[in-house]
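Scroll down for the structure; my scribbles are underneath it.
Letters go in sequence order (proteins before strands), and every chain restarts at 1. If you're wondering where the values come from, they're calculated on a predicted model, not measured in any experiment. What's counted below: heavy atoms across the whole structure, side chains too, no hydrogens, waters or symmetry copies.
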Amino acid sequence: MTLALVLTPYVYGLGFFMMAAGLLIALTSRHLIKRLIGLGVFQTSAGVFYILLSKVSGGTAAIRLEADSPAAEALASRLDAAYIAAHGVDGVVYSNPLPHVLILTAIVVGAATLAVGLAIIVRIRETYGTVDFEEISALEARALRDVREDEA
Amino acid sequence: MLAGGVAGLLVAMGLMIVRLLRGPTAYDRVLAVNSFGTKTVLMIALMGFAVGRPDFLDVAIVYALINFISTIALMKVFRLRSLAEPLARLSISREAPDG
Amino acid sequence: MAEAIGWIGAVLVIAAVGLSIAGAVGVLRFPDVYTRIHAASITDTGAASLMTLGLLLMAGFSPAAIKLCIVWVFIMLTSPAAAHALAGAAFGSGHRPVLADPRQPSEDEA
Amino acid sequence: MSLLLASPELELVFSALLLTLVAGLVVALLAARSVLTCILLMSAFSLTMALWLMTMDAPDVAFTEASVGAGVSTMILLGAALSSTDVIPSLRPGRLWFPAVACLAAFIGMALIVPDLPVFGDPGSPPSAYVGRLYLEQTPHDIGAPNVVTAVLASYRGFDTLGETTVIFAAGVGVLLLLGGQVRSPDAAPEDVSLRASAGSPVLSVAARLLIPIICLYAFYVLAHGEFGAGGGFQAGVILAAALILHALVFGVRETMKALPVGVVRACAALGVLGYAAVGFLAILNGGRFLDYDALLSPVFEAGLPSSHLAGGHHHWGQRIGILAIETGVMLAVASTMTAIFYAFTGRVSRSDAAGAS
């Protein structure tokens with residue numbers, strides 16, 4: 001358990017670091033596609049946090065085994081009986097499946113929304129001729145100024 | 001013994017990342033990703049046995065396939081700047097395209 | 001007996017990992033893209049074969065063993081094909097191999 | 001077997017090591033100055049992430065991350081990156097400090113809650129001890145499927161999954177609205193130019209010919225096997241789309257569009273979502289609630305069927321047929337949507353094409 005206590009801040013810290021780094025990529029890169037990649041990293045890292053919460057020490061994937069199958073017996077041989085009795089379901093310790101379900105669908109939906117974002121970027125490039133965020137801002141500012149001058 | 005195997009594969013994967021970052025040509029980078037993927041497949045196989053559920057080798061199969069497809073796609077993008085153009089003829093009879 | 005077979009399998013797995021590292025070092029240190037492809041693809045298929053054999057010896061026959069063989073077949077099918085395509089593309093886009101003998105820079109026809 | 005099996009502590013150390021590798025890739029991504037390198041790194045990131053998910057006992061998620069993150073996402077990113085410049089210009093330092101400080105603050109804020117989070121691997125933590133455990137205990141009696149993830153995804157939370165499938169479909173429609181009407185510049189590269197890359201080498205063609213049918217078959221295996229092992233409709237759909245993408249990559253998008261016209265793909269995407277919803281309405285017609293699979297079969301009919309093995313005395317044929325039916329719908333929707341998106345990005349489907357095909 002002491003090992004887990006040492007690892008806890010490390011793994012959560014890495015997860016949060018990846019989230020912050022993804023956010024930083026999304027906020028600071030001038031190329032729009034890299035911005036979306038940063039968002040993708042951010043999203044996946046949020047999934048990392050969920051999955052970190054689902055891990056049970058000594059557990060196995062939430063695909064149920066018969067308690068007397070060789071695989072289940074091999075898994076049980078590395079844990080003490082009291083631990084299995086306290087935390088196992090029908091003689092096998094499983095990790096928590098619920099976060100897996102949430103993140104599984106989130107990943108597929110994330111890919112679909114990434115596609116929408118990229119489609120918008122393709123249209124932006126066709127309209128502005130560039131995917132550089134600062135150039136687009138400059139073009140927009142100039143267009144806005146022209147409109148104001150026309151009105152004046 | 002298992003820890004050594006996993007650690008060794010991790011080292012190999014790390015070296016591949018170094019090559020991916022260094023380049024210098026685009027093909028070096030694609031090669032690095034492809035080889036990284038193959039090492040990942042091996043690692044999944046090893047890991048499946050290590051955690052006592054080798055029936056999840058399905059994931060390794062998918063890896064091997066996806067790795068191949070993305071390598072072809074990347075190679076194509078670097079070579080042809082296009083994903084849509086064909087790399088090979090569909091018809092079996094090839095009428096000697098070389099000039 | 002079973003113990004001995006298990007240890008042979010372990011040795012094979014370790015050999016596979018060693019081959020993998022050797023390939024990675026080769027990819028890192030070789031001078032041009034072709035030698036690197038060579039290093040990566042040969043060690044990848046070799047490591048996959050050794051690893052499959054080792055794990056089969058260690059785990060014995062089970063449905064997982066069949067899947068392991070399928071993984072092996074896929075790697076043997078895709079890894080050389082990808083390496084071939086990669087080398088072809090690199091050559092097609094104008095990269096020439098670094099040769100020890102600089103007499104024939106463009107003797108080769110595609 | 002004992003030679004191979006890792007101790008629980010070692011498993012936790014493995015996953016921490018792999019997470020370090022993932023974080024290292026994110027750092028490399030921060031520093032990368034070329035879009036294609038970024039995409040390569042993103043692909044490696046997804047591969048490593050899936051490996052990490054394997055150590056976290058989440059093979060279903062690993063499956064999805066490997067096929068979606070490393071496969072389809074990479075293709076779509078490449079399709080979009082083709083039309084833009086590769087070099088990423090650097091930001092002026094003056095513009096950098098505010099986002100950097102904001103992200104640092106976010107990181108510190110999140111790090112401050114670490115002491116309150118459950119210990120890594122704690123079996124008694126609130127997320128694992130109550131509702132997750134309940135699903136694990138109840139699934140054999142309620143659903144009869146060994147894979148609890150599939151049971152929760154397709155049956156307990158089937159309504160939620162219908163929503164997710166609809167979101168994917170809607171995203172596909174969005175992409176088509178943005179890109180679908182564009183007419184592609186006619187045959188930018190003459191065919192012999194592009195063929196020169198691999199002329200005289202049928203290796204790729206033979207490999208693709210061998211692989212594509214196997215991948216398709218494998219997709220259906222993943223679909224049918226989702227109840228018993230890692231897999232399910234989402235993964236099967238993405239794998240099926242990957243097979244089509246391989247075909248398009250090797251033989252050209254035009255050939256793929258000939259084999260599988262755009263109109264058919266779009267119709268299949270809608271059909272998948274509708275089929276999913278239809279299963280729900282079928283349950284209502286039989287007197288049950290929406291997506292209540294137990295109502296799909298009449299009790300008299302079900303009693304005549306043989307008992308399934310992991311059922312604990314129950315039959316659960318309705319559940320199994322219902323799960324397979326909605327997973328098929330999900331597969332159809334996901335595969336067609338991903339293929340349609342790929343078509344839109346690479347082929348720039350013209351209106352006349354779509355109208356002629358449908």
Could you list all the salt bridge (Lys or Arg N to Asp or Glu O under 4.0 Å) pairs where at least one residue sits in residues 61-90 of chain C, not counting sequence neighbours? B/Asp58-C/Lys67
Which pairs with one or both residues in residues 38-62 of chain D pass salt bridge (Lys or Arg N to Asp or Glu O under 4.0 Å), sequence neighbours excluded? A/Lys55-D/Asp57
Flag yes if more than 12 heavy atoms outside D/Arg33 fall under 6.0 Å of its CZ atom; otherwise flag no. yes
Determine whether more than 12 heavy atoms belonging to other residues, nucleotides or ligands lie under 6.0 Å from atom NE2 of C/His38. no
Under the rule for ring pair (Phe, Tyr, Trp, His ring centres under 6.0 Å), what residues qualify as partners of D/Phe220, not counting sequence neighbours? none
Toward chain D: residues of residues 69-83 of chain C with heavy atoms under 4.5 Å: C/Phe74, C/Leu77, C/Thr78, C/Ala81
